[in-house]
There are 2 protein chains.
Amino acid sequence: MLEQTTREQIVRAADGLFYRHGYEHTSFADIAAAVAISRGNFYHHFKTKDAILDAVISVRLAQTREMLDRWELDGTTPEARIRSFIDILIANRADIKRYGCPVGTLCSELAKLGHPSRPEANRLFTLFRVWLARQLTLLGCGGDADPLAMHLLAMSQGVATLASAFKDDAFIAAEVERIHLWLTHQLKPRRRR
Amino acid sequence: MLEQTTREQIVRAADGLFYRHGYEHTSFADIAAAVAISRGNFYHHFKTKDAILDAVISVRLAQTREMLDRWELDGTTPEARIRSFIDILIANRADIKRYGCPVGTLCSELAKLGHPSRPEANRLFTLFRVWLARQLTLLGCGGDADPLAMHLLAMSQGVATLASAFKDDAFIAAEVERIHLWLTHQLKPRRRR
DNA sequence: GACCGACTAGGACAACTGTCCTAATCGTCG
DNA sequence: CGACGATTAGGACAGTTGTCCTAGTCGGTC
């Protein structure tokens, strides 16, 4: 952890810059400056800008899988795990207010650029989608699990977009509470049947 | 309508390109090529790229006001007007699947660029926000009108983001139905009190 | 000590960016 | 007709972009 290879440093710096400034608005020079290496050295590790993007996406995919696994272990019930997902809006609210959701904004940008790595970025969404659907299936949602997972994803994306536009903490808190309530209402009737 | 000034043509072309390819990814050359004029002529109408963006935003603001006014006239009840808003997700689904919401994606991009016109772009959101809040107030939502308006905006933004990522018509239809249902449930208890 | 691959620095390269200038053309009005 | 402002074309300009090359340094292996 203390010692990082140059390649890891590059990916980490690019990850942050892509999130904060966007993929296209981040140049080779920006990343090289952030890591304090020369552009020549840079080229030795990554031949093209797209290659860096691919590396960043694959790191994000790995980190997301880790996070979902952690929630799987820490949450005693599927319901608690889903609530972990909902609460990232609170935990990351400072960054979300400034730069939006890292997944949503990246996918949106790559869509507009018509970038070949777009499908790879979308897998970040799919990761959350199937994980949420699995938790919902465990709760007995059956065939509705996937639509409900998509609905949860959509709500969190919407909150992130508006939180970034209006920079409103109270709005985030209110929406998160609303989503928690929605989940409660969604589950209660199923238990009684 | 048949005869357009060069300036209007430029703004219209820039509007479309900013939506489809993003602001930063659209160059002077792209816009000039779309209107089939020289870059020199271009400069005669707009001194800077930011000036074009400002013109595009102000046109979008005007068009949005027009649309809201039309809904105001066409919708016999506040409820019907709100449902007009919800249904734009259906009406514009083809573009939304490809490029996302014109308002949300522009605001997100300008946020990452730290662009000075960001507040102006956010006014697009505010237009919808206060309009929805007014309709909800008319329905007797009182102090909850603004939070409910924000919730409606958030849901539509979330649907647009995921629709663009997954390109799924059925998802859009299901979410729109869900939002309509939410509105119904939101209003019924208030009428009885 | 000789050697070799991994790593690094610095800069070259053409293409493109937004910006700006100059000269020519156009339609309109006196 | 002559004059004038609005419009247009074409290109110059410096700066930046992603890409690539060459030369040098370093650490470890025969």
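Side chains are part of it too, since the values below use all heavy atoms of this structure and drop only hydrogens, waters and symmetry mates. The chains referred to below are lettered A, B, ... by the order of the sequence lines, with proteins before strands, and numbering in each begins at 1. Only a predicted model underlies this, so the values are computations on that prediction, with no experimental measurement involved.
For the 3.5 Å distance criterion, the side chains of B:Thr184 and B:Arg83 qualify, holding a donor opposite an acceptor.
Of the candidates D:dG10, C:dA9, C:dA12, the closest approach to any side-chain atom of A:Ile37 belongs to C:dA9. Of the candidates D:dT8, D:dG18, C:dT17, D:dG18 carries the atom nearest the A:Ser27 side chain, counting heavy atoms from C-beta on. Nearest nucleotide to the B:Phe28 side chain, out of D:dT8, D:dC20, C:dG18: C:dG18. Checking D:dC20, D:dT8, C:dT19 against every side-chain atom of B:Ser38, the shortest atom distance belongs to D:dT8.
Dashed line: the shortest gap from a side-chain N or O of A:Tyr43 to OP1 or OP2 of D:dC20 is under 4.0 Å. Between A:Asn41 and C:dC7 there is no side-chain N or O to OP1 or OP2 distance below 4.0 Å. Close to C:dT8, at under 4.0 Å from its OP1 or OP2, lies a side-chain N or O of A:Thr6. OP1 or OP2 of D:dT8 sits under 4.0 Å from a side-chain N or O of B:His45.
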Decide yes or no on side-chain hydrogen bond (donor to acceptor under 3.5 Å, both in side chains) for B:Ser84 and B:Asp87, but give the supporting numbers first.
-> CA-CA 5 Å; B:Ser84 300; B:Asp87 285 334; over 6 Å; no
Hey, mind stepping through B:Asp50 and B:His115 against side-chain contact (heavy atoms from CB on, under 4.5 Å) and telling me if it holds?
-> CA-CA 9 Å; B:Asp50 292 355; B:His115 197 282; 3.0 Å; yes
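Residue B:Ile31 contributes atom CD1, which lies 15 Å from atom C1' of C:dC16 at whole-angstrom precision.
Annotation: of the two residues near DNA chain C, B:Asp30 and A:Gly40, the 5′-most nearest-nucleotide partner is A:Gly40.
Relative ring orientation between B:Phe18 and B:Tyr23 is described as perpendicular, the plane-to-plane angle rising above 60° on a 0-90° scale split at 30° and 60°.
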